[in-house]
Amino acid sequence: TGNPWGYGKQDGPSVWHKNYPVAEGDRQSPIDIVPHQASHDPSLGPIVLNYDKCTSIKIANNGHSVVVEFEDSDDRSVIQGGPLGNPYRLKQFHFHWGGKDCHGSEHTVAGNSYASELHLVHWNAVKYKTFEEAATAPDGLAVLGIFLETGDNHRWLHTITDVLYTVKFKGSVTDFKGFNPKCLLPSSLHYWTYLGSLTTPPLYESVTWIIVKDPIIVSEKQLGKFRTLVFTGEEEDQRTRMENNFRPPQPLKGRKVRSSN
Ligand SMILES: Clc1ccc(Cc2nnn[n-]2)cc1
Ligand SMILES: [Zn+2]
């Protein structure tokens, strides 16, 4: 029951292409976003989040990140507008972070990393019957990316960091109801958007990326709690701290990044 992939020397991003050749594809993520090279597109409307009826179910450690899963059997929580042709259903959110605050995000901005990056994963339930089917389609997924920067305490992130001790080990799951991720968004939803992929294996090229320009601010203490998680299972003798679970930027290969206003 070895790990098919991870973030270490032997199983990390530099060797993923061996088992997942699409790693060297033409629309891989993340990328370095160069703001002045992004083309401002006035036809890009605002991002609209209808999360008021969202239903979080559980929080889990999947051996790669900490994930909050949502009820996605109907259109109770969707993202729409912006570059999206129809509403996409919220399925889960998770984070990527570093061992130190100077790195940890997946996307970078003019070569600069943030301490962490929150990903809200949505799928196109208008065109596809299941998440799994959507995940393999070029217009199947929409991921909203939010940067995290260290500074003052975030007034709502404690709702997540206070329960992280219950999902320390790979495979642990805890009930996590009543959480609305809208509380984790910055006030302005100005964004960059481009066509890319999942940033972990299977690296499917099915993601319309929507990266919010403004970071949210969280405290070093709050971020430190993510680093108390481990990649390994409780039964394993190895305790490997969960940190640096990010893929570095990938070649743009001629893609255009568009900017909302
Ligand atoms: Cl369902 C799923 C699969 C892969 C990832 C990893 C990822 N891809 N893009 N951002 N994170 C997240 C959710
Ligand atoms: Zn992610």
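Computed from a prediction, not measured in an experiment: that's the story for all the values here. Whatever order the structure lists ligands and atoms in, that order sets their numbers, starting from 1.
- Looking at every heavy atom in both residues, T208 comes nearest to T193 through CG2-OG1, 4.0 Å.
- Residue W209 places a heavy atom less than 4.0 Å from ligand 1.
- Proximity of K91 to ligand 1, defined as any heavy-atom pair under 4.0 Å, is not found for any part of the residue.
- For the Zn ion (ligand 2), protein N/O/S neighbours under 2.8 Å (waters excluded) are H94 NE2, H96 NE2, H119 ND1.
- No N or O atom of S197 sits closer than 3.5 Å to an N or O atom of ligand 1.
- Contact annotation: for F93 versus ligand 1, there are no heavy atoms closer than 4.0 Å.
- Under 4.0 angstrom from ligand 1, there are no non-hydrogen atoms of H64.
- Listed by number with element, the atoms of ligand 1 under 4.0 angstrom from any heavy atom of H96 are 11 (N).
- For the residue pair S259 / K213, a side-chain donor-acceptor distance below 3.5 Å is found, with atom types taken as modelled.
- Heavy-atom neighbours of E234 CD from other residues, nucleotides or ligands within 6.0 Å: at or below the threshold of 12.
- Here W209 sits in one hydrophobic cluster together with I31, I33, V109, Y114, V121, W123, F131, L141, V143, F147, W192, Y194, L198, Y204, V207, I211, L252, V257; the rule is ILVMFWY side chains under 4.5 Å apart, joined directly or through other members.
- Of all non-hydrogen atoms in F246 and G104, the two that sit nearest each other are CB-O, 3.5 Å.
- Note on residues 53-81: pairs passing ring-ring contact (aromatic ring centres under 6.0 Å, His included), not counting sequence neighbours, are W5-H64, F70-F93.
- What sits closest to atom 13 (C) of ligand 1 on the protein, heavy atoms only, is Q92 NE2, 3.2 Å.
- At distances below 3.5 Å, not a single donor-acceptor pair connects side-chain atoms of H17 with backbone N or O atoms of Y20.
- Remark: side-chain polar atoms of R89 are not paired, donor with acceptor, to backbone N or O of N124 under 3.5 angstrom.
- Taking atom 7 (C) of ligand 1 as the reference point, the nearest protein heavy-atom neighbour is T199 OG1, 3.3 Å.
- Residue H94 has at least one nitrogen or oxygen atom sitting less than 3.5 Å from a nitrogen or oxygen atom of ligand 1, judged on distance alone.
- Judged as a ring pair (Phe, Tyr, Trp, His ring centres under 6.0 Å), and not counting sequence neighbours, the contacts of H94 are H96, H119.
- Residue H119 has at least one nitrogen or oxygen atom sitting less than 3.5 Å from a nitrogen or oxygen atom of ligand 1, judged on distance alone.
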Item checked: Worked check of side chain to side chain contact (heavy atoms under 4.5 Å, CB included) between N245 and W97 -> CA-CA 6 Å; N245 55 351; W97 61 90; 3.6 Å; yes
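- Of all heavy-atom pairs between I216 and L185, the closest is CG2-C, 3.8 Å.
- Looking from atom 1 (Cl) of ligand 1 to the surrounding protein, the closest heavy atom is F131 CZ, 3.4 Å.
- The protein heavy atom nearest to atom 5 (C) of ligand 1 is T200 OG1, 3.7 Å.
- The two residues T108 and S113 come nearest to each other via the heavy atoms CG2-OG, 3.5 Å.
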